[in-house]
Amino acid sequence: MVDKIFEKSIKKQFEFDEDVASVFDDMLSRSIPFYKQMQELTIEFALNYLQKDDTVYDLGCSTASTLIELGKQSNFDLNLIGIDNSSAMLSRASKKCKAFGIDIKLRNEDLLDTSYDNAKLVISNYTLQFIRPLQREKLIKKIYDSLKEDGIFIFSEKVISSNKVLNKQCIDTYYDFKKKQGYSEYEIAQKREALENVLIPYTDDENKKMILDAGFSHCEVLFKWVNFATFIAIK
Ligand SMILES: C[S@@+](CC[C@H](N)C(=O)[O-])C[C@H]1O[C@@H](n2cnc3c(N)ncnc32)[C@H](O)[C@@H]1O
Ligand SMILES: O=C(O)C(=O)C[C@]1(C(=O)O)C=C[C@@H](O)C=C1
């Protein structure tokens with residue numbers, strides 16, 4: 001279904017409810033520049049590290065697109081686990097898993113309250129930005145602790161620049177991208193307002209610092225378009 005959520009006046013903050021879930025795949029493909037390419041890179045790099053029966057978590061898996069694609073592209077069995085606290089997202093994820101015949105354990109849990117064990121790889125694309133900063137640091141530590149010794153964490157985030165002028169240019173360029181994807185100025189403004197204080201982006205350096213502070217030995221940017229970045233961290 002086509003994303004028309006912000007065509008009408010919205011009075012509440014952004015949430016991953018039934019309305020958003022029903023258009024989510026279209027929303028992501030039109031709101032995140034190079035979303036498909038970022039997902040392909042996530043999978044390509046994931047497969048560099050994975051072996052038969054490894055455990056992979058996708059934190060904030062939404063409709064399970066990434067795990068389904070990973071399951072399709074892997075030549076061996078993996079223990080795939082998707083976690084999300086939106087039942088609307090997970091009911092779509094479950095239908096897609098059945099349709100594609102991919103075995104994924106879907107867990108309806110809050111990322112902050114659950115535990116992850118024996119992970120070889122943790123993926124979290126465009127989800128940490130929705131976790132409050134103090135909780136976010138704790139979550140990263142939990143991810144670090146859950147990873148095996150040679151574990152990998154791949155994550156993507158909307159980012160900001162610490163240079164005010166450049167930051168404004170990045171936001172303008174992003175809104176031009178959205179206009180080219182068919183979103184009106186009104187829809188863009190409405191969504192910006194709904195996301196205020198809900199989506200809290202860090203700079204690239206803040207993301208890297210948070211990762212290294214948690215104990216990871218290495219972190220770098222794998223892919224970046226203006227204000228959207230994919231990082232890889234090595235335990
Ligand atoms: C932008 S979407 C992620 C997109 C997805 N990773 C992908 O690449 O298709 C963010 C997801 O995180 C979930 N989420 C946000 N906060 C959460 C939390 N505290 N616990 C569990 N899931 C959460 C939302 O329900 C939503 O499905
Ligand atoms: O549309 C925006 O302004 C965005 O920031 C895109 C974004 C994201 O980065 O997660 C915001 C909310 C939706 O989950 C989909 C995409």
Side-chain angles (χ1 to χ4, degrees), residues 3 5-6 10 13-43 46 56-70 81-93 96 104 106-116 122-136 138-139 142-143 154-160 170-179 181-185 187-202 225-230:
D3 168 25
I5 301 275
F6 293 96
I10 300 282
Q13 288 192 307
F14 187 86
E15 54 179 322
F16 294 98
D17 56 12
E18 181 56 40
D19 286 349
V20 167
S22 69
V23 298
F24 190 68
D25 290 352
D26 177 63
M27 176 185 276
L28 271 205
S29 68
R30 290 166 62 222
S31 305
I32 298 185
F34 297 98
Y35 173 76
K36 199 66 205 161
Q37 287 85 344
M38 174 286 303
Q39 189 183 65
E40 278 165 15
L41 272 182
T42 300
I43 290 160
V56 180
Y57 286 88
D58 187 0
L59 310 184
C61 64
S62 299
T63 64
S65 309
T66 305
L67 288 180
I68 290 171
E69 211 45 52
L70 179 58
I81 302 169
I83 304 183
D84 206 289
N85 66 352
S86 162
S87 42
M89 289 290 188
L90 290 184
S91 84
R92 278 160 185 89
K96 278 168 60 177
I104 299 174
L106 296 169
R107 291 175 18 192
N108 187 343
E109 288 167 341
D110 194 304
L111 297 177
L112 303 166
D113 301 335
T114 186
S115 59
Y116 329 111
V122 173
I123 300 170
S124 192
N125 286 333
Y126 303 106
T127 298
L128 299 175
Q129 58 194 20
F130 292 103
I131 308 286
R132 314 298 305 169
L134 272 181
Q135 304 293 338
R136 202 179 304 180
K138 284 191 203 148
L139 177 59
K142 191 154 75 167
I143 292 169
I154 299 176
F155 66 103
S156 302
E157 288 281 284
K158 195 177 189 179
V159 292
I160 48 172
C170 289
I171 293 170
D172 289 345
T173 301
Y174 176 51
Y175 291 156
D176 283 345
F177 164 86
K178 282 185 135 184
K179 277 184 223 154
Q181 297 297 315
Y183 288 115
S184 66
E185 301 239 2
E187 286 174 285
I188 294 170
Q190 287 247 96
K191 190 171 183 191
R192 184 184 58 215
E193 208 175 304
L195 282 170
E196 208 149 304
N197 296 321
V198 174
L199 190 168
I200 303 168
Y202 286 1
W225 180 91
V226 187
N227 57 340
F228 287 83
T230 300

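We count ligands from 1, going down the list as the structure has it; atoms in each ligand are counted the same way. The figures that follow rest on heavy atoms only: side chains count, while hydrogens, waters and symmetry mates do not.
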- Message: Which residues pass the side chain to side chain contact (heavy atoms under 4.5 Å, CB included) test with N197, not counting sequence neighbours?
- Response: Q13

- Note: K178-E185 ion pair, threshold 4.0 Å (strictly below): no

- Are K96 and D25 ion-paired here, with the side-chain N under 4.0 Å from a carboxylate O? yes

- Nearest heavy atom to atom 6 (N) of ligand 1, choosing from A88, G60, S87, A93, belongs to G60

- Note on the structure: side-chain hydrogen bond (donor to acceptor under 3.5 Å, both in side chains) filter on E40, not counting sequence neighbours, yields none

- Is the closest heavy-atom distance from K178 to ligand 2 below 4.0 Å? yes

- Message: With the threshold set at under 4.0 angstrom, would you say E157 reaches ligand 2 through any of its heavy atoms?
- Response: no

What is the closest protein heavy atom to [atom], and at what distance does it sit?
| atom | answer |
| --- | --- |
| atom 2 (S) of ligand 1 | S62 OG, 3.3 Å |
| atom 4 (C) of ligand 2 | Y174 OH, 3.3 Å |
| atom 9 (O) of ligand 2 | Q129 NE2, 3.3 Å |
| atom 15 (C) of ligand 2 | L28 CD2, 3.5 Å |
| atom 7 (C) of ligand 1 | Y35 OH, 3.3 Å |
| atom 23 (C) of ligand 1 | N85 OD1, 3.1 Å |
| atom 1 (C) of ligand 1 | Y126 O, 3.1 Å |
| atom 14 (O) of ligand 2 | F16 CE2, 3.4 Å |

- Query: Can you find a non-hydrogen atom of E109 under 4.0 Å from ligand 1?
  - Reply: yes

- Task: Could you tell me if any non-hydrogen atom of L112 lies under 4.0 Å from any atom of ligand 1?
- Result: no

Residue [X] vicinity, atoms of ligand 1 by number, heavy atom under 4.0 Å:
| X | result |
| --- | --- |
| D110 | 18 (C), 19 (N), 20 (N) |
| M89 | 27 (O) |
| S86 | 25 (O) |
| I131 | 19 (N) |

- Do any nitrogen or oxygen atoms of Y126 lie less than 3.5 angstrom from nitrogen or oxygen atoms of ligand 2? no

